[in-house]
K.L.:
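Dropping a structure here in structure tokens format, bear with me for questions.
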Amino acid sequence: MPELPEVETYRRFLDDLVVDQTITALEVKDPKVLATDEDTLRRALTGRTITRTSRLGKNCFLHLDDDRVLVLHFGMTGDVGAYRDEPDAPRFTRVALHLASGLRVAFVDARKFGRIRLAEGVAQYQKAKKLGPDALDITAAQLQQALGTRKPMIKPLLLDQSITAGLGNWIVDEVLFQARIHPERRAHTLSTAEFEALHAAIQLVLSTAIRHEATYRYFPASFLIHAREWDDSATPGTNNHIYCPRHPKTEIAKSYVGGRATYYCPRCQPPPTAAA
DNA sequence: ACTCTTGTTCATAA
DNA sequence: GTTATGAACAAGAG
């Protein structure tokens, strides 16, 4: 789940609970998700106060009162939760921050691809991880600058966090659908107008997703997301959801691009041979 | 029992 | 340095 809109939703949830709170203890239920040594982390966190939260791409930051930051990356299945008493700890809680308020903030991650680490600051972490500008901040011109001369297919490039941070598999499909660009188009064949459409689509998809707190079933009917297999709104036995929102008789196609499951409308998004 | 997966990183080779 | 591909990580969901 955790692409940019999910992480922004987690950040807002955490912000209300942790800002101005002092960390009284670090509880590690599974050290697998720690990218910083447990003892180092415990010494760095205990007694510190969280001053604010922020986000870059799919990373959430809790800023400490010594200007260092706790970095939360949620992998494939990460989530956050809050509880007071141990029996109420969410299933798959891997780490919990105990706060002076008595609340415990849970880092929940069934699949354990998520990571928690300490960093000297956001800038230092961004450089170390080679993260590009946040997908909500990048401009159409920056996008064209970064991609206009690149030969690979547009979809894998949009997933590359060093170009712009925050876009994941389903968002890229949604963005390309909204921009009417085929996922296999080579980046250097896109026109300036198409880069502008791409930028507008990124803004539309991300702002819509954040507004609905990344709950897919509330997204507009004009979104491709409803054609994905795991969409709850898909009614078993009916196939309405597999059609393009713009072309009720055209089925959404599924293929693999860059090794990732990819959905697109063959009519809205003409393949490279026909387009460029 | 078997396949699939919302992310990242590394290895390998052309 | 760029590009392309595959594997690995771990474990639940269907």
Side-chain angles (χ1 to χ4, degrees), chain A residues 1-10 29-35 55-60 71-80 90-95 107-117 119 125-132 134-135 146-177 183-189 202 205-206 208-210 212-217 219 223-237 254-264 272:
Chain A
M1 282 159 58
E3 301 187 31
L4 188 153
E6 285 90 346
V7 177
E8 175 61 17
T9 302
Y10 298 167
K29 293 171 182 283
D30 190 334
K32 183 85 198 173
V33 300
L34 298 184
R55 182 193 56 73
L56 173 63
K58 302 170 190 173
N59 303 278
C60 180
V71 186
L72 273 30
H73 189 284
F74 298 97
M76 296 270 264
T77 54
D79 199 352
V80 290
R91 195 177 173 208
F92 307 125
T93 295
R94 306 303 184 187
V95 173
F107 181 85
V108 180
D109 186 6
R111 210 168 146 186
K112 297 192 272 196
F113 282 1
R115 289 295 178 268
I116 297 178
R117 54 165 48 84
Y125 178 75
Q126 178 169 14
K127 189 175 178 186
K129 289 291 176 183
K130 298 182 168 56
L131 297 173
D134 189 83
L147 299 179
T149 62
R150 299 291 303 274
K151 295 189 192 80
M153 295 180 289
I154 188 67
K155 169 158 178 170
L157 286 174
L158 290 175
L159 289 171
D160 184 342
Q161 303 296 297
S162 72
I163 289 165
T164 183
L167 305 182
N169 200 36
W170 81 254
I171 298 229
V172 166
D173 283 0
E174 190 67 57
V175 162
L176 290 171
F177 173 75
E184 293 180 332
R185 287 280 302 282
R186 300 282 161 174
H188 70 275
T189 69
I202 289 170
V205 173
L206 293 179
T208 301
I210 291 170
H212 295 291
E213 299 184 337
T215 304
Y216 310 136
R217 64 179 173 279
F219 290 5
F223 272 43
L224 181 72
I225 185 83
H226 303 293
R228 297 196 82 116
E229 295 160 50
W230 38 266
D231 181 357
D232 293 338
S233 69
T235 310
K254 179 184 181 181
S255 68
Y256 285 85
V257 177
R260 310 296 302 277
T262 299
Y263 296 76
Y264 64 97

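Naming convention: chains lettered A, B, ... in sequence-line order (proteins, then strands); numbering from 1 in each chain. Quick note: numbers below take in every heavy atom, side chains included, and nothing from hydrogens, waters or symmetry partners.
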K.L.:
List the atom of A:L157, the atom of A:A187, and the distance in Å for their closest heavy-atom pair.
P.N.:
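Looking at all heavy atoms of both residues, the shortest contact is CD1-CB, 3.5 Å.
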
K.L.:
Atom CG of A:N169 to atom C1' of B:dT5: distance rounded to whole Å?
P.N.:
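Checked: the CG to C1' distance equals 9 Å.
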
K.L.:
Just N and O in the side chain of A:K254: are any of them under 4.0 Å from OP1 or OP2 of B:dT5?
P.N.:
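The answer is yes; a side-chain N or O of A:K254 sits under 4.0 Å from OP1 or OP2.
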
K.L.:
Between A:A261 and A:N169, which heavy-atom pair has the shortest distance, and what is it?
P.N.:
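Of all heavy-atom pairs spanning A:A261 and A:N169, the closest is O-ND2, 3.1 Å.
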
K.L.:
For A:K112, check side-chain hydrogen bond (donor to acceptor under 3.5 Å, both in side chains) against everything at least two apart and list the hits.
P.N.:
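So A:K112 forms a side-chain hydrogen bond (donor to acceptor under 3.5 Å, both in side chains) with A:D30.
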
K.L.:
With the criterion set at under 5.5 Å between ring centres and under 30 degrees between planes, would B:dG7 be stacked on A:F113?
P.N.:
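Here A:F113 meets both the 5.5 Å and the 30° conditions.
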
K.L.:
OP1 or OP2 of B:dC4 versus the side-chain N and O atoms of A:Y256: is any pair under 4.0 Å?
P.N.:
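No, no such contact exists.
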
K.L.:
Sequence neighbours left out, what passes ring-ring contact (aromatic ring centres under 6.0 Å, His included) with A:F177? Give chain and number order.
P.N.:
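Here no residue qualifies.
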
K.L.:
I'd like a list of close polar pairs between nucleotides 8-13 of chain B and the protein, N/O only, cut-off under 3.5 Å.
P.N.:
| residue | atom | partner | partner atom | Å |
| --- | --- | --- | --- | --- |
| B:dT8 | OP1 | A:H73 | NE2 | 3.0 |
| B:dT8 | OP2 | A:K58 | NZ | 2.9 |
| B:dT9 | OP1 | A:K129 | NZ | 3.0 |

K.L.:
What's the gap between C:dA7 and B:dT3 when it is taken at their P atoms, as a whole Å value?
P.N.:
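Taking atom P in both C:dA7 and B:dT3, they lie 14 Å apart.
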
K.L.:
Quick check: do A:F74 and A:V80 have side-chain heavy atoms less than 4.5 Å from each other?
P.N.:
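Yes - at least one pair of side-chain heavy atoms lies under 4.5 Å apart.
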
K.L.:
With A:K29, which residues qualify under side-chain hydrogen bond (donor to acceptor under 3.5 Å, both in side chains), at least two apart?
P.N.:
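For A:K29, the residues satisfying side-chain hydrogen bond (donor to acceptor under 3.5 Å, both in side chains) (neighbours in sequence not counted) are A:E27, A:E86.
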
K.L.:
Specify the closest pair of heavy atoms between A:A119 and A:V71, including all atoms of both residues, with the distance to one decimal.
P.N.:
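Nearest heavy atoms, A:A119 then A:V71: CB-CG2, 3.9 Å.
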
K.L.:
In chain order, what residues pass the ring-ring contact (aromatic ring centres under 6.0 Å, His included) check against A:H188, with sequence neighbours excluded?
P.N.:
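ring-ring contact (aromatic ring centres under 6.0 Å, His included) check on A:H188 returns nothing, list empty.
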
K.L.:
Let me know the distance between CG of A:L72 and C1' of B:dG7, rounded to the nearest Å.
P.N.:
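Atom-to-atom, A:L72 to B:dG7, this comes out as 15 Å.
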
K.L.:
Partners of A:K58 by side-chain hydrogen bond (donor to acceptor under 3.5 Å, both in side chains), sequence neighbours excluded?
P.N.:
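Counting only residues at least two positions away or on another chain, A:K58 forms no side-chain hydrogen bond (donor to acceptor under 3.5 Å, both in side chains).
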
K.L.:
Distance check, P atoms only: C:dG6 and B:dC4, in whole angstrom units.
P.N.:
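The answer is 15 Å between these two P atoms.
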
K.L.:
For DNA chain C, which consecutive runs of 3 or more Watson-Crick or G-U pairs (each distance under 3.5 Å) count as stems?
P.N.:
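Result, WC/G-U stems under 3.5 Å: B:2-5 with C:11-14, B:7-14 with C:2-9.
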
K.L.:
Using side-chain contact (heavy atoms from CB on, under 4.5 Å) as the criterion, list what pairs up with A:A128, not counting sequence neighbours.
P.N.:
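For A:A128, the residues satisfying side-chain contact (heavy atoms from CB on, under 4.5 Å) (neighbours in sequence not counted) are A:Q124.
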
K.L.:
Any N/O pairs under 3.5 Å between the protein and nucleotides 12-14 of chain C? List them or say none.
P.N.:
none

K.L.:
Just by modelled atom types, is the A:A110 backbone N or O under 3.5 Å from a matching donor or acceptor in the A:R94 side chain?
P.N.:
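Yes, because the side chain of A:R94 sits within donor-acceptor range (under 3.5 Å) of the backbone of A:A110.
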
K.L.:
Excluding sequence neighbours, so at least two apart, what forms ring-ring contact (aromatic ring centres under 6.0 Å, His included) with A:F223?
P.N.:
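A:F223: ring-ring contact (aromatic ring centres under 6.0 Å, His included) contacts with A:F219.
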
K.L.:
Using a cut-off of under 3.5 Å, enumerate the N/O to N/O pairs linking the protein to nucleotides 2-5 of chain C.
P.N.:
| residue | atom | partner | partner atom | Å |
| --- | --- | --- | --- | --- |
| C:dT3 | OP1 | A:K151 | N | 3.3 |
| C:dT3 | OP2 | A:R150 | NE | 2.7 |
| C:dT3 | OP2 | A:R150 | NH2 | 2.6 |
| C:dA4 | OP1 | A:R186 | NH1 | 2.8 |

K.L.:
Taking ring-ring contact (aromatic ring centres under 6.0 Å, His included) as the definition, give me every residue that meets it alongside A:F113, ordered by chain and number, with sequence neighbours left out.
P.N.:
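In terms of ring-ring contact (aromatic ring centres under 6.0 Å, His included), with neighbours along the sequence ignored, A:F113 is linked to no residue.
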
